[in-house]
Amino acid sequence: MIPIKLSALGIYMPTKVMTNHDIAKIVDTSDEWIRTRTGIIERRIAAPEENTSTLATAAARQVLSKHGIDPLAIEMILVATMMPDTPFPSVACKVQNSIGATNAFAFDISAACSGFVYGLEIAAQFIKTGAVRNALVIGAEVLSRCIDWQDRSTCVLFGDGAGAVLLESGQENCFLSSVLRADGSGQDLLFMPAGGTALPASIQTVENRQHFLKMKGKELFQAVVPIVCDAIIDTCEQAKISIKDVQLIVPHQANFHIIEEVAVFLGIPFERFMCNLHKYGNTSAASIPLALFDAVQEGKIVPDDYVMMLGFGAGLTCAASLIRWDKSFVC
C-alpha cells in the first residue's frame, strides 16, 4: 500500500452571522434556551447568491493556494454534502469546473454528517492502491435552505459552511485505521420527507412543509451515543493504540451534550474533544473540517499527534478515522 498523508486544509464561511437573539425574533425561543440545550451561540447563513458549490469552491481554492498546487495536478475531487445545489449534476463536478481541475474525476457522496470522514476514507483507498496520487475532499452544506424556520426544535441547530482538505501520497503512512458504519433502521430519526422519488414535489408537499428537514431529537441523541463510543474504541483497537494516546478527537459538531456524554462514557477528559459548535452550529458534512481548522489555528494539534475524526448522522451513519499529523501539513 502507498503511504498517504493529509497535506493541506482550507475553509470558507459565509459572512452573515445569525445569533440566538436573531432567531428569538423569528420563533418562540431564547438565547438561554438554545445555549443550555445545544451549546450553540451563533451560526453562519449563506448569502442569496451563494450555494453549496460556491462554498465548496471557495474552500477548495484556499487549499490550492496554501499548498501551491496547480489545479491541473488534482486527480480526484469528492464532495460530501446532503444539500447539493441541484439533485444533479454533482457539486463535485461544479467545483472541478470552477477551479479548472480538468484532469480530475469528480463525484458527490451522501452520508449526511458522516460524509466528510466517509469521503476521506474513500479517497485514501484510491491513493493507497495507486489509482490516484492526490485527492481533494470537501464537506459543504447550505442547510439554511432546508430548515423550517417555523420549527424551533430544528431551526436553532444548523448553519452553513465548507471545509476542504488535500490528501496525497507521502513518505510515511499517516492514515492508521478507520471504521465506517451504517444502521438503516434509524432512517426516520433525521430526514427530509419530500423532493425525491418516493414523494415528488407537489402543491401538497409544499403546503405540508415536507421539503424541510425533520428530526426526532431525543431518539437521535439516544441512538448516536453508543454508536459513537463503539466507533472510537474499535478504531483505536484496529490501530493498536490506546485511546489515552489520542491527543485530540474531532467530532461532528451536533450538540454539546452528545460530546459530553461520549467523553463521560469513555472516561476521556472533555478537553481532548475539539468543540467549536458555539461559533457555527451544526454544519453537517462541513463540521469536521471546520473544527479541524480551528484546532490547528488554536495550537491544539502539533506534528506526530494522533488525531481522530468522528462523524455521525442521518442514515444512521457513523465514521471514524485515526491519523497521525504530518510535519509538512499547511493550514
Side-chain angles (χ1 to χ4, degrees), residues 12-31 33-35 37-56 80-87 91 110-116 139-163 187-196 199 201 205-221 224 252-256 258 276-287 290 311-317:
Y12 176 79
M13 298 304 298
T15 57
K16 180 180 177 180
V17 176
M18 178 175 275
T19 68
N20 293 342
H21 295 291
D22 294 327
I23 292 183
K25 298 173 184 177
I26 302 172
V27 294
D28 181 19
T29 189
S30 68
D31 175 60
W33 191 93
I34 299 169
R35 283 182 189 235
R37 287 162 177 78
T38 69
I40 300 168
I41 298 174
E42 60 187 37
R43 69 286 294 147
R44 300 296 181 92
I45 304 295
E49 67 275 12
E50 292 179 318
N51 50 47
T52 304
S53 66
T54 59
L55 269 60
T81 185
M82 63 181 194
M83 280 303 295
D85 298 2
T86 55
V91 173
S110 177
C113 307
S114 304
F116 181 75
E141 304 285 10
V142 181
L143 296 172
S144 59
R145 307 273 163 82
C146 75
I147 292 170
D148 186 347
W149 291 99
Q150 296 180 15
D151 178 10
R152 75 168 187 170
S153 68
T154 57
C155 74
V156 303
L157 299 175
F158 299 94
D160 305 333
Q187 62 190 277
D188 63 340
L189 300 181
L190 180 59
F191 66 106
M192 185 185 294
L199 199 59
T205 62
V206 173
E207 289 179 343
N208 293 333
R209 308 185 73 79
Q210 292 176 291
H211 294 270
F212 295 121
L213 176 152
K214 309 294 182 184
M215 185 177 72
K216 299 176 182 177
K218 183 178 180 180
E219 294 90 336
L220 185 62
F221 187 109
V224 158
H252 164 52
Q253 306 292 301
N255 185 298
F256 182 83
I258 290 178
N276 65 352
L277 182 70
H278 59 288
K279 297 199 300 182
Y280 303 134
N282 182 341
T283 54
S284 187
S287 74
L290 294 177
F312 50 90
L316 295 172
T317 61

If we ignore hydrogens and angles and just use 3.5 Å, is the side chain of [X] paired with the main-chain N or O of [Y] as donor and acceptor?
X      : Y      : value
Thr54  : Glu50  : no
Trp149 : Val27  : no
Thr205 : Ala194 : no
Arg44  : Pro14  : yes

Mind checking ring pair (Phe, Tyr, Trp, His ring centres under 6.0 Å) for Tyr280 and listing every partner two or more places apart, or none if nothing turns up?
none
I'd like to check the ring pair (Phe, Tyr, Trp, His ring centres under 6.0 Å) partners of Phe256; sequence neighbours left out, ordered by chain and number.
Phe270
Any chance you could measure [X], atom [atom1], to [Y], atom [atom2], to the nearest 0.5 Å?
X      : Y      : atom1 : atom2 : answer
Arg43  : Leu157 : CZ    : CG    : 8.0 Å
Ile41  : Thr19  : CD1   : OG1   : 10.0 Å
Cys113 : Phe312 : SG    : CZ    : 7.5 Å
Thr154 : Leu190 : OG1   : CG    : 9.5 Å

A side-chain contact here means heavy atoms from C-beta on lying under 4.5 Å apart; do [X] and [Y] qualify?
X      : Y      : result
Asn255 : Asn282 : no
Met192 : Met83  : yes
Asp188 : Lys214 : no
Thr283 : Gln253 : no

Would you please name every residue forming a side chain to side chain donor-acceptor pair (under 3.5 Å) with [X], sequence neighbours left out?
X     : result
Thr81 : Glu141
Thr52 : none
Ser53 : Asn51, Asp85
Ser30 : none

Using the test salt bridge (Lys or Arg N to Asp or Glu O under 4.0 Å), find all partners of [X] that sit at least two apart in sequence or belong to another chain.
X      : value
Lys16  : none
Arg145 : none
Asp31  : Arg35
Arg209 : Asp148

Which heavy atom of [X] sits nearest a heavy atom of [Y], and at what distance?
X      : Y      : value
Val142 : Ala46  : CG1-CB, 3.8 Å
Met13  : Gly161 : SD-CA, 3.9 Å
Pro193 : Gln210 : CD-O, 3.2 Å
Val156 : Ile40  : O-CD1, 3.8 Å
Ala80  : Phe116 : CB-N, 3.6 Å
Ala140 : Ala162 : CB-CB, 3.8 Å

Applying salt bridge (charged side-chain N to carboxylate O under 4.0 Å, His left out) as the test, list every pair that has at least one member in residues 150-160; sequence neighbours left out.
none
Can you name the residues that form a side-chain contact (heavy atoms from CB on, under 4.5 Å) with Glu219, not counting sequence neighbours?
Leu189, Lys216
Verdict with reasoning, Ile23 to Met18, per side-chain contact (heavy atoms from CB on, under 4.5 Å)
CA-CA 7 Å; Ile23 292 183; Met18 178 175 275; 3.6 Å; yes
